[in-house]
Novice: 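Pasting a structure below so you can have a look.
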Amino acid sequence: MTSAWQPGAVLTDESASTGARSRLAKVPQVTALFWIIKVLTTGMGETASDFLAHTVAPPVAVGLGGLGLAAALALQFRMRRYLAGVYWFAVIMVSVFGTMAADVLHVGLGVPYLVSTIGFAIALAAVLVVWYASERTLSIHSITTPRREFFYWATVLATFALGTAAGDLTAMTFGWGYLLSGIIFAAAIVLPALAFRTGTLSAVAAFWTAYVITRPLGASFADWMGVSHDRGGLGLGTGPVTAAWAVLIIILVAYLAISRADIEPTDR
């Protein structure tokens, strides 16, 4: 492990040896590059969802997002081990569909952002409780069985939906705007790292807290770049922002696929 902060990396699975986990794990090592790509996928998912919603009819956009998510997860579950391109494609589709799910509640059903934020937080807590009750571990390095992988992706989807609602809550309901929201979430993501370093927050709690925060962090800055000037943004457009962030993701994931820098050394 080489990154400065890898809370997930210290999680252990008592039921399997380190070597066995390395050979079977379906998720990457948690490195600095993991967090960078994660933030990029959240921003891309936000603007891609908005672009689709304004390009095609919203029901069609949601349908396409759902089909894309199903295909990405089906491919991920078919893999016998972690592959960078497949894994991050699934994360991107979770980001897109998670954004749509949160937006449907507010735009389509009129649910206030505060209510949806609380609702998704409860849903996330419920998934984690059931996961732990079933597997007795929430270690991201114990994702070696289909059931654990199911819990992992259910948690990821819940975090994206929660982060989307929380970001919209601060930007819209609280009136902070996209740029200020992004700055605040950038500061907030440091807190679980510090808490983990000082021993006041467990590795599991620190990892998933940071994971949730990356969603409104990336989405806020992506929205700020894409939305019009009268909405407090740079006015670059959601399409160009989506494309630009996608290029960055492709470059970084290609690097990981070639270098295998996010795979345990014993598994290379």
Side-chain angles (χ1 to χ4, degrees), residues 35-69 72 88-108 111-114 116-117 120 156-157 159-189 211-253:
W35 294 111
I36 293 172
I37 299 175
K38 173 60 169 61
V39 170
L40 289 172
T41 63
T42 65
M44 178 194 169
E46 174 73 18
T47 54
S49 175
D50 291 343
F51 177 75
L52 286 173
H54 290 87
T55 303
V56 299
V60 175
V62 174
L64 291 174
L67 289 174
L69 174 61
W88 286 109
F89 174 59
V91 173
I92 289 172
M93 292 314 304
V94 169
S95 177
V96 173
F97 189 76
T99 301
M100 290 178 173
D103 288 344
V104 164
L105 284 180
H106 179 75
V107 178
V111 178
Y113 287 128
L114 178 59
S116 61
T117 298
F120 285 128
V156 170
L157 182 57
T159 64
F160 271 93
L162 171 59
T164 299
D168 290 334
L169 176 68
T170 60
M172 307 296 291
T173 304
F174 293 172
W176 294 353
Y178 297 114
L179 179 58
L180 179 57
S181 291
I183 293 172
I184 291 174
F185 285 119
I189 202 170
Y211 204 93
V212 171
I213 296 174
T214 58
R215 179 61 183 87
L217 169 61
S220 294
F221 282 115
D223 273 334
W224 171 63
M225 293 179 181
V227 301
S228 60
H229 295 291
D230 58 353
R231 295 178 59 191
L234 296 179
L236 300 178
T238 55
V241 172
T242 299
W245 287 46
V247 169
L248 291 176
I249 293 170
I250 291 171
I251 292 173
L252 294 178
V253 172

Novice: Classify the ring geometry of Phe221 against Trp224: parallel below 30°, tilted from 30° to 60°, perpendicular beyond 60°.
Specialist: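 Judged by the thresholds at 30° and 60°, the geometry between Phe221 and Trp224 is perpendicular.
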Novice: Dump the intermediate steps for side-chain contact (heavy atoms from CB on, under 4.5 Å) on Met93 and Trp88, then the final yes or no.
Specialist: CA-CA 9 Å; Met93 292 314 304; Trp88 286 109; over 6 Å; no
Novice: Between the side chain of Thr173 and the main-chain N/O of Thr170, is any donor-acceptor distance below 3.5 Å?
Specialist: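 It does not hold such a pair.
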Novice: Taking side-chain contact (heavy atoms from CB on, under 4.5 Å) as the criterion, tell me which of Leu157, Val212, Leu105 meets it with Phe120.
Specialist: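 Filter result, single survivor: Leu105.
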Novice: Rounded to the nearest 0.5 Å, what separates atom CD1 in Ile183 from atom CG in Leu217?
Specialist: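 Spacing of CD1 (Ile183) from CG (Leu217) equals 11.0 Å.
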Novice: Sort out for me which residue in Val91, Ile36, Thr41 forms a side-chain contact (heavy atoms from CB on, under 4.5 Å) with Ile249.
Specialist: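 Result: among Val91, Ile36, Thr41, Thr41 is the only option passing the side-chain contact (heavy atoms from CB on, under 4.5 Å) with Ile249.
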Novice: Can you tell if the side chain of Ile92 reaches within under 4.5 Å of the side chain of Met44, non-hydrogen atoms only?
Specialist: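 The answer is yes, as the side chains (C-beta and beyond) meet within the 4.5 Å cut-off.
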Novice: For residues Thr214 and Ile189, determine if any side-chain heavy atom of one lies less than 4.5 Å from a side-chain heavy atom of the other.
Specialist: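 Result yes, sub-4.5 Å side-chain heavy-atom pair found.
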Novice: Working to the nearest 0.5 Å, report the span between CG of Asp168 and CZ of Phe174.
Specialist: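 If we round to the nearest 0.5 Å, Asp168:CG and Phe174:CZ are 12.0 Å apart.
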Novice: Any side-chain heavy atom of Asp223 sitting closer than 4.5 Å to one from Glu46?
Specialist: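 They are in side-chain contact.
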Novice: Spell out, as yes or no, whether a donor-acceptor pair under 3.5 Å connects the side chain of Thr238 to the backbone of Gly226.
Specialist: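 Pair absent, no side-chain N/O of Thr238 close to backbone of Gly226.
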Novice: More than 12 heavy atoms of other residues, nucleotides or ligands under 6.0 Å from CZ of Phe51: yes or no?
Specialist: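 Not buried by this count: 12 neighbours or fewer within 6.0 Å.
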Novice: Within a strict 4.5 Å, meaning less than it, do heavy atoms of the Met100 and Thr164 side chains meet?
Specialist: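 Side chain of Met100 against side chain of Thr164, heavy atoms only: no contact under 4.5 Å found.
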Novice: Using a 3.5 Å distance criterion without hydrogens, assess whether the side chain of Thr47 forms a donor-acceptor pair with backbone atoms of Ala222.
Specialist: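 It does not hold such a pair.
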Novice: Examine distances only and state if a side-chain atom of Ser49 and a backbone atom of Gly45 form a donor-acceptor pair shorter than 3.5 Å.
Specialist: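 Such a contact is absent between Ser49 side chain and Gly45 backbone.
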